[in-house]
Amino acid sequence: MSEIPKTYDPASVETKWYDRWLASGCFKAAVDTSKEPFAIMIPPPNVTGVLHMGHLLNNTIQDILIRRARQEGKSALWLPGTDHAGIATQTRVERELRKTGKTRHDLGREKFNEVAAEWRDKHGDIILNQLQKLGASCDWSRKVHTLDAGYSKAVLQTFVTLYERGYIFRGKRMVNWCPVSLTGLSDEEVIMKPSKGFMYRMRYEIVERPGEYIEISTTRPETIPGDAAVAVHPDDERYKHLIGLHVRRPIAPANIPIVADRAVEKDFGSGALKVTPAHDRTDFDIGQRHKLPQIDVMRPDGVMNDLAGPLAGIERFKARAKAAELLKESGNLLEAKPYENNVGFSERADVPIEPRLSEQWFVKYPKVPEALRAVESGMVKFHPERWNKVYAHWLNNIQDWCISRQLWWGHRIPVWYRKNADRNDPANRHVSLEAPADVENWIQEDDVLDTWASSWLWCLGTLGWDKPGSTNPELKFWYPTSALATGPDIIFLWVARMIIAGLELHGEEKKTLTDDEIRARIPFKNVYFNGIIRDAQGRKMSKSLGNSPEPLDLIAKFGADGLRFGLLSIAPKGADILFSEDRVEQGRNFCNKLWNAARFRQMSGPAGDCSSDAAIAARINPAQCDADDHAILGRLVETVDTVGNALAEFDFVTYTSSLFEFFRTDYCDWYLEVSKSRQQDPASRDTVLAVQDLCLRKLLQLMHPLTPFISEELFHLLGCAGEGEYIQNSNPGEGEALAGVLAKVGIALDPAAVAATAALREFVSGARAIKSQNNQATKRDSKLKFAARDEASRTLVESNLEKIKKLVGAAEVAFVTEASGGPAAVTPLGTVALDLTGSVDAAAEKARLSKEIEKLDKLIASSEAKLSNEAFTSKAPPHILEGARNQLAETKAKRDEFARIIASLG
RNA sequence: GGACGCUUAGCUCAGUUGGUUAGAGCACGGCAUUCACAUUGCCGGGGUCGCAGGUUCAAGUCCUGCAGCGUCCACCA
């Protein structure tokens with residue numbers, strides 16, 4: 001055992017251990033049916049991404065779970081990987097390309113994908129490498145990328161399977177079109193944002209009644225050339241007589257009908273709606289019902305096309321202004337007033353999406369009832385549970401999923417169309433993993449799949465699943481996985497879809513599923529939703545605000561363990577997290593204190609056998625154990641269970657705070673301090689050191705999932721593990737087991753010891769307080785007077801006198817019958833007073849005590865009122881009643897004691 | 001428009017099924033540096049638990065309403 005330096009140096013420790021862990025294959029998972037399986041699949045980061053604070057939190061949580069599982073002897077697999085991130089990557093690569101003056105079309109599909117793949121290979125693993133700095137214990141040998149050959153096969157096979165089962169279809173529908181990325185998007189990729197614009201009030205002239213007009217409002221006058229009708233509510237008395245007549249379209253003039261449709265809100269605007277079936281979802285539906293033509297007036301890139309008449313060739317927002325101008329000129333614009341409404345934005349390109357009619361592939365979600373049941377009945381358990389409702393709401397209102405993307409980077413849809421034939425006729429399609437034999441007569445679909453249509457297979461594909469019913473040892477062993485940790489922002493995009501994919505695709509085809517089948521098919525049993533990390537002001541972290549700290553800098557500054565501890569200590573259950581560096585600093589400080597506690601142990605005496613709890617316990621002499629030993633061991637047993645339960649319930653705040661509380665308050669502030677004198681005594685020294693060893697060994701084991709580096713380092717420095725042994729293989733066990741080990745060597749934990757220690761702590765605290773208030777805090781030779789409350793208290797103080805004197809800084813404690821004449825504190829053990837022999841500021845002390853008495857009097861009044869209330873005494877349960885009576889008696893005694901002291905001050 | 005969540009000390013948050021004087025960390029003020037740790041220790045001040053009702057012997061905790069904040073969902077042009 002080498003000497004421990006004064007300050008913990010994370011950098012060298014972290015590098016050393018991470019390298020060793022990797023070299024000795026600590027994170028490698030193997031199928032071992034003699035063990036309980038435990039698996040977590042990492043939420044695959046985008047290859048375009050960089051590590052941000054959210055990743056830190058999310059991956060720390062996963063690492064905690066997986067390391068704890070490893071300690072518990074489970075066969076723990078944490079599988080890492082990355083996502084090809086279709087739109088994001090393609091956008092990035094195209095941007096790079098543009099710098100050289102080229103577009104993807106200059107390269108062609110194949111060459112472009114090669115360039116994109118090179119870019120991915122260069123940048124894709126950066127995040128994963130950064131995660132290693134955090135200590136992430138992934139099985140790196142099992143890394144999966146969504147475009148890997150095996151995974152891709154699973155993705156394409158899924159398309160084929162769902163097509164064959166009738167869940168995938170092609171159709172011309174209204175989709176969310178991104179005019180920048182030039183692709184359709186799913187509803188989930190559209191972000192609604194309030195946007196400022198104008199509400200244009202216009203008039204359309206009625207053809208059959210020249211000079212008569214119908215008033216219409218719109219925020220999008222540029223779509224007027226696409227108007228195919230004007231719609232009114234069938235029951236609207238104002239317009240009933242006009243139904244069936246026609247109006248004159250004011251831009252790109254034409255006569256269009258007035259139709260009646262119940263989708264129109266009578267009370268909104270004028271109650272008449274312009275119907276543009278090719279540019280609005282509601283209008284599309286109305287158009288369908290009335291067989292209206294779909295007049296598409298816009299090019300895919302958002303520029304108006306020839307059908308837009310005078311607007312042709314103008315970009316959509318400029319066209320809007322131009323349209324308003326034209327209306328004004330023709331006298332048909334009645335008003336343009338500022339207006340704010342919700343507009344859908346493309347999540348990636350951050351521009352308003354355009355509802356656009358196009359041919360796309362859609363998924364009709366299978367197994368929706370089963371997916372609802374899986375979560376509702378807790379087969380998939382959400383933490384915190386309140387996300388259940390959000391999930392259920394989405395499933396209950398589920399819409400078909402547009403899965404085709406007009407991109408090149410991704411899984412190309414495995415469909416071939418017969419040349420020069422109707423693509424909508426299934427007979428002209430070849431849907432298969434293999435191209436048709438006479439491929440020269442076919443054309444493959446250009447579109448690729450939505451990235452989520454590959455990542456929804458994550459838990460299956462990463463384990464080698466490649467078709468329904470497929471099985472292999474990994475899949476059989478680790479599926480369903482144990483837990484998923486992710487953000488609630490992708491509950492629909494990813495979590496819900498993974499559940500659906502598992503239910504439909506794992507196992508043989510089934511129309512409906514029993515609960516047992518659901519249990520076997522779900523991708524994970526638990527989902528932990530971590531909060532979103534915000535800055536100290538509560539703003540989202542973003543590049544443009546520059547309010548996101550650089551994770552690697554934080555690690556360099558505070559150490560990975562400090563960062564992990566700090567983050568977890570502020571990660572409330574699923575609520576947003578306000579990040580502040582102070583917390584990370586606290587984490588760092590905590591690690592340093594842990595370090596020094598170990599250092600203190602090492603400096604205090606020779607190391608004993610620390611190889612197991614039993615070995616340490618054997619070094620404890622039960623006869624030498626006093627109340628403090630019993631108390632700290634009792635708290636240790638308790639903390640083992642608190643930690644175990646907290647982790648089992650994904651309660652990370654309780655996990656960190658119970659460690660903090662035990663280590664700071666019970667171990668350092670009290671136990672180490674009180675045992676300093678006993679440590680000097682050869683008779684009790686070995687026992688005290690063994691108790692310390694047991695506490696430290698157990699504490700390190702409990703902390704290991706959270707602070708892997710320092711716990712491993714100290715575990716070795718203290719001799720708890722030898723060369724080639726790792727803390728990850730040592731199970732902290734349960735409190736009962738620890739108590740059993742102690743019982744075996746003759747230590748029956750005394751519950752009264754905890755109470756006695758608590759009383760002594762209050763006594764010491766009170767004595768320190770009166771010293772501090774009288775500027776004697778630093779004096780070591782204060783004189784105290786103590787009037788014990790009863791015989792037992794007197795004995796307790798007497799038997800702990802040396803400790804007390806040392807902790808308080810007192811030269812002597814005189815046992816008296818009445819402690820008075822000086823500043824005093826009333827403690828559970830009795831009254832302790834400071835002997836100031838004449839130099840008391842009687843007035844100040846009286847004032848302080850009077851304030852105390854005032855508080856106590858209030859309390860007494862309310863207690864008495866309560867106890868004299870017959871309703872209370874007759875209805876409250878006995879233990880509450882007794883408690884209230886005791887409290888009253890004690891409060892009165894305390895008040896009287898204070899009054900007596902005041903009197904004694906003259 | 002609907003749903004969910006939040007509102008407790010200056011700040012960030014704990015507060016199990018209602019039950020004995022509402023807690024912690026940070027920040028703040030005072031004191032301390034021979035004896036593990038100043039990345040430390042000791043002591044202290046600081047809260048009518050968002051507002052208004054209700055249920056109950058008893059409400060931070062349960063119910064109703066209101067207000068403010070946040071998030072998600074939603075085809076009012």
Side-chain angles (χ1 to χ4, degrees), chain A residues 4 6-8 174 187 192 199-200 216-220 223 231 263-265 267-270 272-276 280-285 341-342 344 355 384 386-387 389-390 393-394 397 488-489 491-492 532 536 538 558 562 569-570 572 574-578 580 582-583 585-604 653-654 657 660-661 665 668-669 672-673 676 764-765 768-773 775-778 807-809 855-856 858-859 862-863 866 869-877 879-888 890-891:
Chain A
I4 302 183
K6 196 167 170 178
T7 305
Y8 172 52
M174 206 40 100
D187 294 344
M192 299 305 285
M199 177 67 86
Y200 300 92
I216 290 169
S217 292
T218 184
T219 53
R220 304 197 52 195
T223 63
V264 180
E265 289 285 336
D267 301 330
F268 191 87
S270 64
L273 170 70
K274 73 188 217 35
V275 182
T276 318
D280 184 278
R281 278 199 195 191
T282 310
D283 294 8
F284 175 78
D285 294 339
N341 64 341
N342 279 331
R386 63 187 161 86
W387 293 108
K389 283 192 184 170
V390 177
H393 183 258
W394 184 73
N397 296 280
D489 49 330
I491 188 168
F492 313 134
I532 311 263
F558 300 108
S569 71
I570 54 173
D576 286 358
I577 294 150
L578 303 189
S580 84
D582 291 354
R583 297 308 196 110
E585 195 176 325
Q586 285 171 49
R588 189 263 319 254
N589 295 354
F590 184 83
C591 290
N592 194 60
K593 188 150 179 83
L594 181 65
W595 183 261
N596 274 287
R599 179 166 180 262
F600 176 61
R601 164 61 189 92
Q602 192 191 45
M603 292 165 71
S604 300
V653 171
T654 300
S657 60
F660 188 87
E661 168 83 8
T665 312
C668 292
D669 292 350
L672 284 189
E673 294 305 325
K676 272 177 182 170
V764 167
S765 202
R768 281 169 169 169
I770 50 174
K771 281 188 66 180
S772 177
Q773 280 146 17
N775 301 317
Q776 288 213 351
T778 54
L807 290 178
V808 174
K855 273 193 211 163
L856 293 173
K858 271 188 200 160
L859 190 57
S862 80
S863 288
K866 186 156 68 174
N869 182 353
E870 198 268 332
F872 173 69
T873 50
S874 63
K875 289 190 183 175
H879 73 280
I880 296 295
L881 200 55
E882 199 196 322
R885 286 196 176 119
N886 288 343
Q887 188 203 312
L888 179 60
E890 275 173 34
T891 313

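In what follows, chains are A, B, ... by sequence order, proteins preceding strands, each numbered from 1.
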Colleague: Any base atoms under 4.0 Å from A:V264, or only sugar-phosphate, or nothing? Heavy atoms, all strands.
Modeller: base
Colleague: Just checking A:A597: base, sugar-phosphate only, or nothing, at a heavy-atom cut-off of under 4.0 Å?
Modeller: base
Colleague: Could you tell me whether A:T7 contacts a base, only the sugar-phosphate backbone, or nothing, with contacts defined as non-hydrogen atoms closer than 4.0 Å?
Modeller: base
Colleague: For A:D669, answer base if it contacts any base atom (sugar-phosphate contacts may also be present), sugar-phosphate if it contacts only those atoms, and nothing otherwise; contact means non-hydrogen atoms under 4.0 Å.
Modeller: sugar-phosphate
Colleague: Return the value, rounded to whole Å, for the distance between atom NZ of A:K389 and atom C1' of B:rC72.
Modeller: 14 Å
Colleague: In whole angstroms, how far is the P atom of B:rC35 from the NZ atom of A:K676?
Modeller: 9 Å
Colleague: Could you check how far CG of A:D489 sits from P of B:rC4, rounded to whole Å?
Modeller: 21 Å
Colleague: Quick one: A:I532 CD1 to B:rC69 P, roughly how many Å, whole number?
Modeller: 21 Å
Colleague: Looking at every strand, decide which applies to A:D267 at a 4.0 Å heavy-atom threshold: base, sugar-phosphate, or nothing.
Modeller: nothing
Colleague: What is the distance, rounded to the nearest whole Å, between atom CD1 of A:I577 and atom C1' of B:rU71?
Modeller: 15 Å
Colleague: Using the P atom as the reference point in each nucleotide, state the distance between B:rG45 and B:rC35 in Å, no decimals.
Modeller: 29 Å
Colleague: Of the options B:rC72, B:rC43, B:rA36, whose atoms approach the side-chain atoms of A:C668 most closely?
Modeller: B:rA36
Colleague: In the strands shown, is B:rC66 matched to any nucleotide by a Watson-Crick or G-U wobble pair with both distances under 3.5 Å, and which?
Modeller: B:rG50
Colleague: Check the pair A:R386, A:K389 against side chain to side chain contact (heavy atoms under 4.5 Å, CB included), reporting the backbone distance first and the verdict last.
Modeller: CA-CA 6 Å; A:R386 63 187 161 86; A:K389 283 192 184 170; over 6 Å; no
Colleague: OP1 or OP2 of B:rG25 less than 4.0 angstrom from a side-chain nitrogen or oxygen of A:Q586, does that happen here?
Modeller: no
Colleague: For a quick check of understanding: with a heavy-atom distance under 4.0 Å over all strands, which category does A:K771 fall into, base, sugar-phosphate or nothing?
Modeller: nothing
Colleague: Closer than 4.0 Å, any side-chain N/O of A:N589 to the OP1 or OP2 of B:rU40?
Modeller: yes
Colleague: Take A:L594 and A:Y8 through the side chain to side chain contact (heavy atoms under 4.5 Å, CB included) test and state the conclusion after the steps.
Modeller: CA-CA 9 Å; A:L594 181 65; A:Y8 172 52; over 6 Å; no
Colleague: Counting the atoms with a prime plus P, OP1 and OP2 as sugar-phosphate, which does A:L859 contact under 4.0 Å by heavy atoms, base, sugar-phosphate, or nothing?
Modeller: base
Colleague: Which nucleotide sits closest to the side chain of A:E265: B:rA36, B:rC43, B:rC76?
Modeller: B:rC76
Colleague: Taking only side-chain nitrogens and oxygens of A:T891, does any of them come within less than 4.0 Å of OP1 or OP2 of B:rU21?
Modeller: no
Colleague: Any side-chain heavy atom of A:L859 within less than 4.5 Å of one from A:Q887?
Modeller: yes
Colleague: Taking N or O atoms only and anything under 3.5 Å, show me the protein contacts with nucleotides 57-59 of chain B, one pair per line.
Modeller:
from: B:rC57; atom 1: OP1; to: A:K875; atom 2: NZ; distance (Å): 2.0
from: B:rC57; atom 1: O4'; to: A:A871; atom 2: O; distance (Å): 3.3

Colleague: Below the 4.0 Å mark, does B:rC37 have OP1 or OP2 next to a side-chain nitrogen or oxygen of A:K6?
Modeller: yes
Colleague: Mind checking A:R588 for me? I need base, sugar-phosphate or nothing, with any heavy atom below 4.0 Å counting as a touch.
Modeller: base
Colleague: Which nucleotide wins on minimum distance to the side chain of A:D582, given the candidates B:rU20, B:rC42, B:rC26?
Modeller: B:rC26
Colleague: Mind checking who B:rC57 pairs with, Watson-Crick or G-U wobble, both distances under 3.5 Å?
Modeller: B:rG19
Colleague: Find the partner of B:rA24: check Watson-Crick (N1-N3 plus N6-O4 or O6-N4) and G-U wobble (N1-O2, O6-N3) distances, both under 3.5 Å, and reply none if neither fits.
Modeller: B:rU12
Colleague: What's the CD-C1' distance between A:Q773 and B:rC43, to the nearest Å?
Modeller: 7 Å
Colleague: Pairing check on B:rA3: which nucleotide meets the Watson-Crick or G-U wobble criteria with it, both distances under 3.5 Å?
Modeller: B:rU71
Colleague: Closest approach to the side chain of A:F492, judged atom by atom: which nucleotide of B:rC72, B:rG25, B:rU21 is it?
Modeller: B:rC72
